Visitor: 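Okay, here's the structure, questions in a sec.
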There are 2 protein chains.
Amino acid sequence: MTGKRILIVDDDVKIVELIKLYLSRDGYKVYAAYDGNEAVRLAREVHPDLIVLDLMLPGMDGLQVCRTLRAKSDVPVIMLTAKTTEQDKLLGLETGADDYVTKPFSPRELAARVRAVLRRTTESVNVGPKEVVRGKLRMNFDAHEATLDGKLLRLTPMEFRLLGVLAREPGVVFSRARLIEKVFGYDFEGFDRTVDVHVLNLRRKIEPDPEHPRYIKTVYGAGYKFDGGGE
Amino acid sequence: MTGKRILIVDDDVKIVELIKLYLSRDGYKVYAAYDGNEAVRLAREVHPDLIVLDLMLPGMDGLQVCRTLRAKSDVPVIMLTAKTTEQDKLLGLETGADDYVTKPFSPRELAARVRAVLRRTTESVNVGPKEVVRGKLRMNFDAHEATLDGKLLRLTPMEFRLLGVLAREPGVVFSRARLIEKVFGYDFEGFDRTVDVHVLNLRRKIEPDPEHPRYIKTVYGAGYKFDGGGE
DNA sequence: CCCAATTGTTTAAAACCTGTTAAGAATGCC
DNA sequence: GGCATTCTTAACAGGTTTTAAACAATTGGG
């Protein structure tokens, strides 16, 4: 697959190495941090697709790290816990961990859970409401359907995602960089201008008069925004 | 808490009684079997919501019991194993156990895991009605039977589960990743595309015109959905 | 009004996605 | 053990989508 980035956070070097071995073998790019502060710093730097996080850490502990990270991003987290008590499990889940594994664990099981969580969350651009209605435009994210004036629109996956990002926050201007981040993903290596082409195609499908857009407006020098105002 | 049924399978009466005590206290209805054959028989009779299964059993051993049960139903299984070796753990997982607990165990821990597994599985696979009717298609999850236009469909276990997941939530698009998790289990190590083959085979069995599916629709770039709309 | 920066538009090639087939592996059944 | 069924992988064809590149049109500031 596409070499997803995984950050391991544990103060036990041996454990880190063990996990590293197994995850590298599965084709992931693996980064390691040995305390909470480093974890937060590294996470901001490499934008991992998933974090394996020990509960017990020197300095900032796992729960705190998890909360800090979650405040700024949606990165999925798998918690490593030493104790099996129910309390720990619940704490882990409450802070938003996507899964938890209790030590001692089998590295293969951890690898399986990593795969599972990644599978689950890779597509989770779908945060927010299931449906959005903006005037005659209606988007249903569960069904992956968009209708205009009741008529079904035939949108490509990119178009659907792009329109989704814009329509979810009407009036907000998104720079091309931000749109790329939200729609294409962090590791997109292409040009800004690709966004323009998608906007163009989108306009042709949803605008009554594509030359004078009513929904997707251009903000010169800034980006694009969805204009729900006119109704 | 609606008095879920739990089946305990262990040849050690003392252990059975111990577990029974704790689980009854949590409001579950507890049934017990002392060997593999009885377990299979009883499972068919009472349709338990979860099974606690000892790996070592007289007659049919735990693994075999687990496989036999899984072939016919989605009931979640917690394995009891005497050894902590990784091998046992993996064996348990490969046969589809949802969790495992090593002896000696604390009954409170087991009770916690029972709750956890029930929470997990209730939300995913076993939720919803015992029967679902979508146009000419009818699925009975108790009997593990599906009929189309009154005629019994010969579906494989995978096909049945796949169709079940889709048909339970018509209109909702499931990515391959989600389907894998719901149908194959989180520890599936294979490819997305396996889903496609199952969908193909399923279509050949349930679609009047498999080339232009009416029930299982493809959503390009997103996944598959069950379309109940046409009726 | 002119210029440079920014955006709109077109096209073709590259990348991607799904349907399908077939063969090998795993599983269950006598 | 051998047979039948089921599951998984691999490969290819065909279609769709995405991207890069180039050029045209527009914008806003000086």
Side-chain angles (χ1 to χ4, degrees), chain A residues 1-2 115 122-123 144 153-163 173-177 179-180 183-185 187-205 207 209-213 216-225, chain B residues 36 40 60-61 63-73 90-91 94-96 144 153-163 173-177 179-180 183-185 187-205 207 209-213 215-225:
Chain A
M1 320 286 173
T2 56
R115 275 192 301 277
T122 286
E123 77 227 21
H144 252 258
L153 295 168
R154 286 183 39 91
L155 303 183
T156 70
M158 283 277 157
E159 286 161 10
F160 187 84
R161 268 181 284 166
L162 180 57
L163 185 57
V173 178
F174 291 87
S175 68
R176 289 175 177 70
L179 287 173
I180 282 175
V183 177
F184 300 62
D187 39 2
F188 179 76
E189 303 198 353
F191 287 125
D192 277 14
R193 302 298 312 282
T194 303
V195 175
D196 299 35
V197 177
H198 287 300
V199 168
L200 174 77
N201 294 328
L202 207 38
R203 279 175 173 158
R204 292 213 257 244
K205 291 182 182 177
E207 296 289 356
D209 177 9
E211 314 254 330
H212 304 93
I216 302 178
K217 300 248 166 103
T218 302
V219 181
Y220 191 94
Y224 297 99
K225 72 171 176 183
Chain B
V40 172
M60 206 191 315
D61 81 351
L63 290 181
Q64 212 171 333
V65 173
C66 190
R67 282 197 210 99
T68 306
L69 293 171
R70 281 308 180 101
K72 286 280 173 186
S73 91
L90 289 175
L91 277 172
E94 271 162 18
T95 51
H144 248 255
L153 293 168
R154 287 182 37 90
L155 302 183
T156 69
M158 285 274 155
E159 286 161 9
F160 187 86
R161 268 183 280 165
L162 181 58
L163 185 58
V173 177
F174 291 86
S175 68
R176 290 173 178 70
L179 288 174
I180 282 175
V183 176
F184 300 59
D187 54 338
F188 179 75
E189 299 197 13
F191 283 120
D192 279 13
R193 300 298 312 282
T194 302
V195 175
D196 298 36
V197 178
H198 287 297
V199 167
L200 177 76
N201 293 329
L202 206 39
R203 278 175 174 158
R204 292 213 255 244
K205 291 182 182 178
E207 296 287 356
D209 177 9
E211 313 251 331
H212 305 94
Y215 293 112
I216 303 178
K217 299 248 167 101
T218 302
V219 181
Y220 192 99
Y224 297 99
K225 72 173 174 183

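Everything numeric here is computed off the predicted structure, so don't read it as measured data. Just so we're on the same page: letters track the sequence lines, and every chain starts at 1.
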Visitor: Can you see which heavy atom on G221(B) is nearest to which on P157(A), and at what distance?
Guide: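 Reported closest heavy-atom pair: CA-CG, 3.8 Å.
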Visitor: Does N201(A) offer a backbone N or O that forms a donor-acceptor pair with the side chain of E159(A) under 3.5 Å?
Guide: no
Visitor: Once you apply a heavy-atom cut-off of 4.0 Å, does T156(A) come out as touching a base, just sugar-phosphate, or nothing?
Guide: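 Sugar-phosphate, no base atom in range.
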Visitor: I'd like to check the ring pair (Phe, Tyr, Trp, His ring centres under 6.0 Å) partners of F184(B); sequence neighbours left out, ordered by chain and number.
Guide: F188(B), H198(B)
Visitor: Who pairs with Y224(B) by ring pair (Phe, Tyr, Trp, His ring centres under 6.0 Å), at least two apart in sequence or on another chain?
Guide: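 Here no residue qualifies.
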Visitor: Who are the side chain to side chain contact (heavy atoms under 4.5 Å, CB included) partners of A222(A), not counting sequence neighbours?
Guide: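 Counting only residues at least two positions away or on another chain, A222(A) forms a side chain to side chain contact (heavy atoms under 4.5 Å, CB included) with V173(A), V219(A).
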Visitor: In whole angstroms, how far is the P atom of dG8(C) from the NZ atom of K217(A)?
Guide: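 Interatomic distance, NZ of K217(A) to P of dG8(C): 13 Å.
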Visitor: Pick the nucleotide of DNA chain D nearest each of F188(A) and F188(B); which residue has the one closer to the 5' end?
Guide: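 By nearest-heavy-atom nucleotide position, the 5'-most residue is F188(B).
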Visitor: Of all residues at least two apart in sequence or in a different chain, which pass the side chain to side chain contact (heavy atoms under 4.5 Å, CB included) check with R154(B)?
Guide: none
Visitor: Mapping R154(B) and T194(B) onto DNA chain D by nearest heavy atom, which one lands closer to the 5' end?
Guide: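 In this pair, the answer is R154(B).
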Visitor: Under 4.0 Å from a heavy atom of chain B: give me the 5'-most and 3'-most nucleotides of DNA chain D that qualify.
Guide: dT6(D) to dT17(D)
Visitor: Whole Å only: how far is the CD1 atom of I216(A) from the P atom of dG8(C)?
Guide: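 In whole Å, dG8(C) P lies 11 Å from I216(A) CD1.
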Visitor: Test of understanding: with salt bridge (charged side-chain N to carboxylate O under 4.0 Å, His left out), list the residues that count as partners of K225(A), not counting sequence neighbours.
Guide: none
Visitor: Quick one: salt bridge (charged side-chain N to carboxylate O under 4.0 Å, His left out) partners of E189(B), sequence neighbours excluded?
Guide: R108(A), R115(A)
Visitor: I'd like to know if the side chain of E207(B) and the backbone of Y215(B) have a donor-acceptor N/O pair within less than 3.5 Å.
Guide: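 Looks like yes, one N/O pair under 3.5 Å.
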Visitor: Between the axis at one end of the helix from dC1(C)-dG30(D) to dC30(C)-dG1(D) and the axis at the other (five pairs apiece), what's the angle to 10 degrees?
Guide: 40°
Visitor: State which residues pass salt bridge (charged side-chain N to carboxylate O under 4.0 Å, His left out) with R203(A); sequence neighbours excluded, sorted by chain then number.
Guide: none
Visitor: Where along nucleotides 13-23 of chain C does protein come under 4.0 Å, by heavy atom, of base (B) or sugar-phosphate alone (S), with - for untouched nucleotides?
Guide: ---BSBBBB--
Visitor: Considering residues at least two apart in sequence or located in another chain, which fulfil the salt bridge (charged side-chain N to carboxylate O under 4.0 Å, His left out) criterion with D192(B)?
Guide: none
